[in-house]
Amino acid sequence: MSATGAGGQPDVIVIGGGIHGCSSALHCAMRGMRVLVLEKDYPGRHASGVNAGGVRQLARDFAEVPLSVLSMALWHRIAELVDDDCGFTSDGQVLVAETEEELTGFRERVRKLNDLGFTHEELIDVTELRRLVPAVSDSCPGGIVSRQDGAAVPFRATQAIRRKAETLGARVLEGVRVETLARRDGVWTVATSAGAFQAPVVVNAAGAWAGRIAAMAGEPVPLKVIAPMLMITERRPHFIEPVVILRGRKLSFKQFANGTVLIGGGHEGRPNPDTNETILDWAKLAESAQTVWEVFPVMRGASIMRAWAGIEASMPDHIPVIGPSARNDGLYHQFGFSAHGFQLGPGTGAVMAELIATGATNTPIDAFRIGRFQHDPPQSAAAP
Amino acid sequence: MAEASSITTPAELDAAYDLAIVGAGPAGMAAAKEAAGHGLSVLVLDENAGPGGQIYRAITRSPAPGLAALGADYWKGAPLAADFLAAPVHYAAGTTVWSLAIAAEGSGHEIGVSIAGAARMVAAREVILATGALERPFPVPGWTLPGVMTAGGAQTMLKASGLVPDGRVVLAGSGPLLYLLAAQFVAAGANISALLDTTPSANWGRALPHLPAFLASPYLRKGLALLWKTRRSLRVMRGVSAISAEGDGKLASVRFSKGGAAETLPCDLLLLHQGVVPNINLSNAAGCAQDWDETQLCFTPRLDAWFESSVPGVAIAGDGAGIAGAESAALRGTLAAIGAAFRLGHLDAVERDSRAAPVRAELARMGRGRAFLDHFYQPAKPLRIPPQDDTIVCRCEEVTAGMIRAAVAHGVTGPNQMKSFLRCGMGPCQGRQCGLTVTEMIAEARGLPPTEIGALRLRPPVKPITLSELASLPKTEAATRAVVR
Ligand SMILES: Cc1cc2nc3c(=O)[nH]c(=O)nc-3n(C[C@H](O)[C@H](O)[C@H](O)COP(=O)(O)OP(=O)(O)OC[C@H]3O[C@@H](n4cnc5c(N)ncnc54)[C@H](O)[C@@H]3O)c2cc1C
């Protein structure tokens with residue numbers, strides 16, 4: 001017995017209604033598959049709805065660059081893809097060097113990227129930096145710009161992708177928690193708080209909780225649950241176009257069209273994935289405030305209106321797990337985005353659907369295989 | 001005799017206290033005195049310049065001439081404030097509390113405060129939130145026009161600076177406080193053209209079963225005296241509905257309907273008020289569970305007999321625990337402090353209960369008649385849930401009732417999704433002015449009780465702090481070194 005309801009048994013069950021689960025649902029539906037998304041809260045409740053909205057290829061791990069470039073192409077056509085512009089704007093992102101030494105490292109990075117055939121990152125000198133970011137402190141000698149980068153509105157984007165998937169026939173169930181997974185005769189039975197569902201294919205896009213899903217399938221991973229924090233100011237006179245990030249000290253900085261300024265950069269609070277609560281670490285937010293105080297003197301009088309944290313999955317090597325399970329047929333993983341997976345949402349969903357439909361993809365994702373964490377003898381979730 | 005020491009800079013704060021009390025109104029003052037009596041180290045934090053809270057605002061300062069107008073009930077605050085200032089506590093006036101959370105290490109709580117332009121985190125084993133009440137939102141067409149304000153806001157100006165409103169003033173709304181405010185403005189010399197009473201006549205029927213208790217209650221004598229006095233000196237129009245403020249860029253008149261006919265009154269200042277609701281900003285941000293109160297039509301924190309919330313060690317006293325008025329607030333503050341002293345081991349259960357018994361008895365006596373008031377003064381639905389689509393609900397982000405209804409039709413199921421979707425509740429007021437309206441609107445549109453819709457989750461800082469203040473917060477050692485670099 002299963003509670004598949006109207007529409008019969010789906011081809012794919014996606015666990016998790018974040019941007020990744022919704023995007024995979026959308027791309028699978030675009031390929032004609034019947035998709036069911038199971039979400040324990042509501043789509044966009046977690047990392048995908050509360051993140052900084054940064055859409056950047058800039059400063060990524062080299063392993064992520066091809067996927068990020070693919071995803072960027074989709075962001076630039078997002079309105080065509082999901083019938084909503086998702087608040088996406090492309091004013092570029094700038095990585096600011098705070099010292100000459102840092103700038104030397106940046107020069108090396110851009111050269112390496114160019115050697116690999118990627119040209120989206122450009123080294124800039126102090127003049128171009130000042131032109132792009134007039135408010136930056138005089139002591140910064142240059143940086144890197146990625147002009148195609150930008151930002152989008154996270155909750156809106158996640159909802160738009162979800163809605164487009166639904167338009168194409170996907171079903172999204174809110175408030176339904178996946179409790180166990182078992183596979184028999186080529187079919188997964190997914191037991192949930194609202195009954196059991198069955199499908200030949202399951203996608204684990206459960207964000208910070210994806211480690212639990214992987215463990216249910218006998219495939220534990222060293223996933224760490226983190227709570228990156230953000231804060232936002234009152235509306236300020238417009239003074240900056242691109243998103244600005246630093247590397248030496250943790251900072252990302254973005255002014256929205258309404259004038260509010262979002263300050264982030266990866267300082268972490270304390271997550272409680274069982275209650276969905278997060279507790280902020282004000283001493284670390286004070287460090288961000290101090291950094292802004294130094295790098296953007298014009299911000300000194302700004303008022304902080306709100307601070308919050310989102311619950312996110314981080315892997316030891318800070319790159320995600322994407323691809324088929326190493327131990328079970330019909331199971332695919334898509335998690336561990338380590339605080340930079342929003343931009344990867346559209347592209348990763350496309351790759352997932354391609355993998356599920358064709359068994360292969362041209363996008364290099366080998367670095368993301370789950371097997372990189374598996375050293376003990378294989379187990380599988382096959383029912384005895 | 002011991003005396004409260006006033007804290008004026010962060011450096012004067014101890015690193016940790018047994019008990020921190022937020023708010024120096026009747027509940028906070030009474031709690032502080034009680035707790036100090038049991039030997040607790042106590043810190044009282046309040047954003048006003050002096051003790052008294054909203055009701056006894058500026059009670060210890062030499063009265064401006066207009067203040068005689070405030071009436072005998074106001075001056076009841078004086079002995080309470082004097083007792084408080086004589087208690088051996090630390091008292092930080094002019095201090096903003098912007099965050100409360102469970103401490104990272106050990107037990108207890110961590111409170112983010114701002115004093116004299118600098119931020120600090122203070123540790124406390126127990127916390128009593130005595131943050132009082134807020135005026136209920138009054139979302140009618142034109143309520144954002146200059147010249148329209150809340151009656152409570154005008155009262156604050158009267159108490160704090162002796163400012164009497166100029167020009168023709170119209171008061172509109174319902175609730176016991178409306179008449180008190182009217183009486184205070186009249187006595188202070190304001191020119192009140194009319195008081196438009198929007199109490200729905202149908203409320204009589206609902207309140208009637210609670211009438212006997214009310215007739216025997218202390219509310220009655222006070223209330224009647226006030227009504228009588230106000231009615232005599234003021235043009236009161238009852239059965240008023242469909243209020244809107246009109247004017248081009250600034251208030252010129254108020255339009256309303258009375259007995260089915262539309263009327264217009266020219267005025268320079270329109271003061272709106274339809275009761276108060278618990279100020280749960282800090283308790284909500286700290287994760288204290290809360291429930292919808294079907295009678296008071298607002299969220300109230302879930303509390304035990306000692307006013308302790310679902311977060312251990314955080315108690316909520318005064319009107320923040322559910323509206324009950326100043327005298328009950330002080331009693332609740334006392335009980336909450338007794339509970340905290342017990343949890344900290346300063347009292348055993350027998351001492352606690354015997355100490356609390358007379359306070360509970362008095363609290364029960366004070367509470368008689370409350371149900372009548374709550375039913376009688378329930379604000380009319382169209383003044384809580386705006387029927388016109390173009391009425392603004394969220395003032396900060398200019399979100400209208402129509403936009404909220406459209407979002408519900410689009411599949412938005414709760415206030416937090418609504419906030420992500422339309423930004424209502426994301427502005428500087430953090431939803432203080434629209435939170436209840438949004439919950440009630442979603443509930444109505446979805447045909448569900450507000451309990452199931454839930455409340456906006458508030459994010460700290462619950463009061464804005466400047467970047468410079470935050471940057472002044474002591475950081476980890478590693479960070480300090482990185483900065484010196
Ligand atoms: C504060 C913050 C700022 C960030 N800033 C950026 C940025 O600027 N740019 C960028 O690219 N990235 C950013 N990120 C990272 C990005 O938000 C995440 O990498 C991305 O959203 C992850 O998406 P997801 O779909 O994997 O996870 P989620 O959005 O967390 O979705 C997973 C979903 O699975 C559901 N789920 C879990 N377990 C179950 C179960 N058992 N049954 C049913 N459902 C379940 C959860 O409820 C959740 O909704 C940021 C993250 C945070 C927290």
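What's counted below: heavy atoms across the whole structure, side chains too, no hydrogens, waters or symmetry copies.
Between chain B and the residues A:Q159, A:R45, A:M299, the most heavy-atom pairs under 4.5 angstrom are made by A:R45. Ranked by heavy-atom pairs under 4.5 Å with chain B, the first of A:T291, A:T233, A:N258, A:T260 is A:N258. Interface remark: of the candidates B:A285, B:A101, B:P428, B:P428 forms the most heavy-atom pairs closer than 4.5 Å to chain A. For the set B:R423, B:M426, B:M121, the count of heavy-atom pairs under 4.5 angstrom toward chain A peaks at B:M426. Options A:R300, A:E234, A:R270 differ in how many heavy-atom pairs under 4.5 Å they form with chain B, and the most are formed by A:R270.
In this structure, chain A has a heavy atom under 4.5 Å from the side chain of B:S99, while its backbone stays farther away. Neither the backbone nor the side chain of A:I232 comes within contact range of chain B; no heavy atoms are under 4.5 Å apart. Contact of A:R156 with chain B is not made at all, since no heavy-atom distance falls under 4.5 Å. With a threshold of 4.5 angstrom between heavy atoms, A:D281 does not approach chain B through any atom at all.
At most 12 heavy atoms of other shown residues, nucleotides or ligands fall within 6.0 angstrom of atom NZ in A:K224.
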Scan the side chains in residues 452-464 of chain B for donor-acceptor partners under 3.5 Å anywhere in the protein, sequence neighbours excluded, and list what turns up.
unit_1	atom_1	unit_2	atom_2	d
B:K463	NZ	B:E47	OE1	3.1
B:K463	NZ	B:E47	OE2	2.9

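Between A:I263 atom CD1 and B:L467 atom CG the span is 5.5 Å, to the nearest 0.5 Å. For the atom pair CH2 (A:W293) and OG (B:S472), the distance works out to 10.5 Å, reported to the nearest 0.5 Å.
The contact list for residues 393-417 of chain B toward chain A, using heavy atoms and a distance under 4.5 Å, reads B:C396, B:E397, B:H410, B:T413, B:N416, B:Q417 by residue number. Taking non-hydrogen atoms and a 4.5 Å limit, the residue list of residues 272-279 of chain A in contact with chain B, ordered by number, reads A:E277, A:I279.
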Quick one, A:M305 with B:Q430, criterion side-chain contact (heavy atoms from CB on, under 4.5 Å). Give me CA distance, side-chain angles, the key distance, then yes/no. CA-CA 8 Å; A:M305 303 316 289; B:Q430 284 244 20; 5.5 Å; no
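Nearest heavy-atom pair across A:W282 and B:L470 is CE3-CD1, 3.8 Å.
Listed by chain and residue number, nothing satisfies the ring pair (Phe, Tyr, Trp, His ring centres under 6.0 Å) test with A:F155 (two or more places apart in sequence, or in another chain).
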